> 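Below are the structure tokens for one structure; questions will follow.
Note that this is a predicted model, so its numbers are computed, not measured. Remember, it's 1-based here, ligands and their atoms both numbered in the order they're listed.
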Amino acid sequence: MGCCVRAPSPVSPEGADKKVRRTVPPRVPRANGWSLPLHPFQVMSWVMFLVLAFTIFFIFIPLLPHVWKLTAYGVTGGCFFLYLIVHLVAVSVDPAEASVRHRKSYRQEAPSFDRSKQPHVIQNRFCCLCRVAVGPKTKHCSACNKCVAGFDHHCKWLNNCVGSRNYWFFLSSVALALAGLLCVAAILTCVFVQYVISPMWLRSDPSFRVVTNVKTWLLFLPFAPMKTKASVLLGIGVFVALLTLSGLVVLGHLLIFHLYLST
Ligand SMILES: [Zn+2]
Ligand SMILES: [Zn+2]
């Protein structure tokens, strides 16, 4: 194909929008969300997940009375675990067009696109960069530099394209993340309310029997109790609450948007 030349300065292939068009595609097509380089948003989502999991499971849930504690561990743990599984699948799936997955070697450099010779990367259902026939809903992602079946969008949080092969996992991971965040919000609300109206309700763990000062709290119950001031506990709580709130707003908006598009 005349449009595919190995030019020294690559021109972006067709993307989902004009902003994507200006990005320089990777020389070697990306296989999935684990392909380097990792995206900062992807790393940020992992850090947020670890911070939320660590604080809620090791600091706040242990403050709840026994039955509440078991329920919170079960429900929140279930949401976090399922989210992790579905998220990892969405990141690991290669959403490329079947013909690309079967024919293309991800170790070979893709040719560059010369827009002066052809306006679109895909014409007459043939991609001049992947050099394969493609389906009607396929688009060539400029960030991954490959054709993606049922292209929806390139997700920076997954560092992977979302297409027909991993769309369900992507949407499920958003829904499960929201469910997990709602659990965190409910636990934090419970802790804050009880701290104000009945602080002793949060001190039922046997480790509190040796703590005489009511303004001293324990973190990392029950196995590694660490004494701290009330202000530190509340400060961590406010930080986690803000993190949770921002996640609820962003993911809630994302889920509603995708559900609206699917109707
Ligand atoms: Zn392509
Ligand atoms: Zn992509």
> For the ring pair Phe170 and His258, is the centre-to-centre distance below 6.0 Å?
yes

> Please report, to 10°, the angle around the Zn ion (ligand 1) from atom ND1 (His140) across to atom SG (Cys130).
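Here the angle at the metal atom is close to 110°, to 10°.
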
> How large, to 10°, is the angle at the Zn ion (ligand 1) when you draw lines to SG on Cys127 and to SG on Cys147?
100°

> For Phe192 and Ala241, work out which heavy atoms get closest and say how close.
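So the two residues come closest at CE1-CB, 4.3 Å.
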
> Write the atom name of the N, O or S atom in His154 that is nearest the Zn ion (ligand 2).
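The His154 atom nearest to the Zn ion (ligand 2), restricting to N, O or S, is ND1.
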
> Please state whether the separation between the Zn ion (ligand 2) and some N/O/S atom of Cys155 is under 2.8 Å?
no

> Taking atom CH2 as the centre, does Trp68 end up with more than 12 heavy-atom neighbours from other residues, nucleotides or ligands that are less than 6.0 angstrom away?
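Open: at most 12 neighbouring heavy atoms sit under 6.0 Å from CH2 of Trp68.
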
> Search all heavy atoms of Ser172 against all heavy atoms of Val86 and return the closest pair with its distance.
CB-CG1, 3.7 Å

> Just to confirm my numbers, could you give the angle made at the Zn ion (ligand 2) by SG of Cys161 and SG of Cys144, rounded to 10°?
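Between SG of Cys161 and SG of Cys144, the angle at the Zn ion (ligand 2) is about 120°.
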
> Tell me, yes or no, whether the heavy-atom count around Phe220 atom CZ, taken from other residues, nucleotides or ligands under 6.0 Å, exceeds 12.
yes

